[in-house]
Amino acid sequence: MVPYDEMSFFAENAEEFGLEFTGEPIVERVSVPVDDTRSISALRWGTGAPEFVFLHGGGQNAHTWDTVALALGRPMVALDLPGHGHSGDAGTTGPTDPWANAADVAAAMTSLTPAGAIVVGMSLGGLSAIALGDVAPELVRALVIVDVTPGVTPAKAAAIASFVNGPETFADFDAILARTVEHNPTRTVASLRRGILHNARQLDDGSWVWRYRRPNGAAFAGDIVRRDLSTLWDALGNNRAPLLFVRGTRSGSVVDDGDEA
């Protein structure tokens with residue numbers, strides 16, 4: 001088995017991005033029940049009341065935000081969305097439903113950040129954050145949406161879909177690493193290696209599978225864009241919290257074609 005300690009990579013994160021690293025940060029894995037049978041897992045950074053809640057994109061996990069957390073140096077929580085990471089058994093209608101995700105995130109935040117927080121969501125996490133602002137506005141002090149709008153389409157999600165909708169199993173670590181490197185040419189192999197260790201697990205026979213759960217065997221990214229996201233435009237219009245939109249200029253997920261305004 002490949003050895004793995006999820007808290008052992010922070011110095012590597014900091015070094016890659018030129019961040020000062022003065023010692024291991026205070027980070028703990030916590031689990032919050034959202035009903036009688038399901039729980040949401042999270043990484044809680046720091047010891048004070050969390051100022052931020054971070055929601056990752058589809059097919060990712062709470063460790064997506066490790067470098068951001070190190071750079072901020074502020075108390076925060078990064079959640080594993082339902083059907084992702086260590087929240088793999090959570091989620092009632094599939095891990096790509098922003099409204100169902102928002103209900104579970106609200107339940108987790110009620111426990112972890114009862115006074116609310118600045119909510120930062122990327123991609124699927126951004127759509128879930130928009131829904132969260134509608135179903136639990138008292139928990140959202142401010143809203144930061146990263147590289148997504150309810151106008152997402154199959155064409156805009158194509159690059160992501162081609163990766164996350166790949167093989168369900170890999171014979172060994174070299175195989176899963178090779179596919180990840182192929183689809184992420186702008187990232188270092190070291191960053192991709194630790195990303196895999198955070199986002200995949202090795203089975204007893206030595207093979208590897210991703211931690212995120214595919215909805216009813218369907219293509220993961222396709223399930224997102226097939227959903228009716230139009231109600232999220234209304235939710236965004238109803239939002240009264242301070243709002244910041246961050247666009248990834250090289251991702252292609254948000255383009256100037258008229259349906260993003």
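When a residue number appears, it is its place in the shown sequence, counting from 1.
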| field | Minimum heavy-atom distance Asn61-Gly85, with the two atoms named | value | CB-CA, 4.2 Å

| query | Would Arg247 and Val146 satisfy side chain to side chain contact (heavy atoms under 4.5 Å, CB included), going step by step from the backbone distance to the final call? | reply | CA-CA 6 Å; Arg247 176 177 175 180; Val146 182; over 6 Å; no

| remark: Closest heavy-atom pair, Ala131 versus Pro98, reported as atoms and distance to 0.1 Å, is CB-O, 3.7 Å

| request: For the pair Asn184 (side chain) and Arg187 (backbone), establish whether a donor and an acceptor sit closer than 3.5 Å, ignoring hydrogens and angles. | output: no

| message | Can you confirm whether Leu43 sits close enough to Met7 that some side-chain heavy atom of one is under 4.5 Å from a side-chain heavy atom of the other? | response | yes

| query | Going by heavy atoms in the side chains, are Leu81 and His56 under 4.5 Å from each other? | reply | yes

| said: Apply ring pair (Phe, Tyr, Trp, His ring centres under 6.0 Å) to residues Phe10 and Trp45 and explain how you reach the verdict. | reply: CA-CA 12 Å; Phe10 300 132; Trp45 291 72; 5.0 Å; yes

| task | Quick one: closest heavy-atom pair of Asp80 and Ile40, and the distance? | result | O-CG2, 3.6 Å

| request: Kindly give the heavy-atom pair with the smallest separation between Leu143 and Ile130, and that separation in Å. | output: CD2-CA, 4.5 Å

| task | Kindly indicate whether the side chain of Ser87, heavy atoms from C-beta on, has any atom under 4.5 Å from the side chain of Ser41. | result | yes

| request: Please name the pair of heavy atoms, one in Leu112 and one in Val30, separated by the smallest distance, quoted to 0.1 Å. | output: CD2-CG2, 4.2 Å

| Side-chain heavy atoms of Asp134 within contact of Trp99, under 4.5 Å | yes

| task | Evaluate the side-chain proximity of Val144 to Phe52: yes if any heavy-atom separation is below 4.5 Å, no if none is. | result | no

| Using 30° and 60° as the class limits, which term best fits the ring planes of Tyr212 and His84: parallel, tilted or perpendicular? | tilted

| request: Verify the cluster assignment for Leu124 and Trp65: are they in a single hydrophobic cluster under the rule of side-chain heavy atoms below 4.5 Å apart? | output: no

| field | Beyond-backbone contact of Leu132 with Met109, side-chain heavy atoms, under 4.5 angstrom | value | yes

| message | Is the shortest side-chain heavy-atom distance between Asp147 and Val246 below 4.5 Å? | response | no

| field | Nearest atoms (heavy-atom pairs only) where Ala78 meets Ala62 | value | O-CB, 3.4 Å

| From Leu244, Leu243, Asn239, residue fulfilling side chain to side chain contact (heavy atoms under 4.5 Å, CB included) relative to Ile145 | Leu243

| query | Do you see a donor-acceptor pair shorter than 3.5 Å between the side chains of Trp233 and Thr149? | reply | no

| Atom pair CG/CG of Leu197 and Asp5 - distance to nearest 0.5 Å | 10.5 Å

| field | Between OG on residue Ser207 and CZ on residue Arg201, distance to nearest 0.5 Å | value | 9.5 Å

| remark: From the list His198, Arg194, Gln202, side-chain hydrogen bond (donor to acceptor under 3.5 Å, both in side chains) partner of Tyr4 resolves to His198

| Spatial distance of atom CZ (Arg179) from atom CG (Leu177) [nearest 0.5 Å] | 12.5 Å

| side chain to side chain contact (heavy atoms under 4.5 Å, CB included), paired with Thr180, selected from Leu192, Asn199, Val189 | Leu192

| note | Rounded to the nearest 0.5 Å, the OG atom of Ser39 sits from the NE2 atom of His86 at a distance of 13.5 Å

| Residue Glu28 excluded, over 12 heavy atoms near CD under 6.0 Å | yes

| Thr188 side chain to Glu16 side chain, donor-acceptor N/O pair below 3.5 angstrom | yes

| said: Using ring centroids (six-membered ring only for Trp), state whether Phe9 and His63 fall under 6.0 Å. | reply: no

| query | Are Val119 and Leu236 connected, step by step, through hydrophobic side chains (Ile, Leu, Val, Met, Phe, Trp, Tyr) whose heavy atoms are closer than 4.5 Å? | reply | yes

| query | Are Met76 and Val120 linked, directly or through other ILVMFWY residues, by side chains that come within less than 4.5 angstrom of each other? | reply | yes

| query | Going through the checks in order, is the side chain to side chain contact (heavy atoms under 4.5 Å, CB included) test met by Phe170 and Ile196? | reply | CA-CA 12 Å; Phe170 299 84; Ile196 292 169; over 6 Å; no

| field | Atom CZ of Arg141 with >12 non-hydrogen neighbours under 6.0 angstrom | value | yes

| request: Please check if Ile118 and Val148 belong to a single hydrophobic cluster, counting links between Ile, Leu, Val, Met, Phe, Trp and Tyr side chain heavy atoms closer than 4.5 Å. | output: no

| query | Looking at CG of Asp174 and CH2 of Trp208, how far apart are the two atoms once the value is rounded to the nearest 0.5 Å? | reply | 10.5 Å

| query | Do Leu127 and Met122 belong to the same hydrophobic cluster, where Ile, Leu, Val, Met, Phe, Trp and Tyr are linked whenever their side-chain heavy atoms lie under 4.5 Å apart, directly or via other members? | reply | no

| field | Euclidean distance, Thr47 OG1 relative to Ile26 CD1, rounded to 0.5 Å | value | 5.0 Å

| Would you call Val105 and Leu79 a side-chain contact if the rule is heavy atoms closer than 4.5 Å? | yes

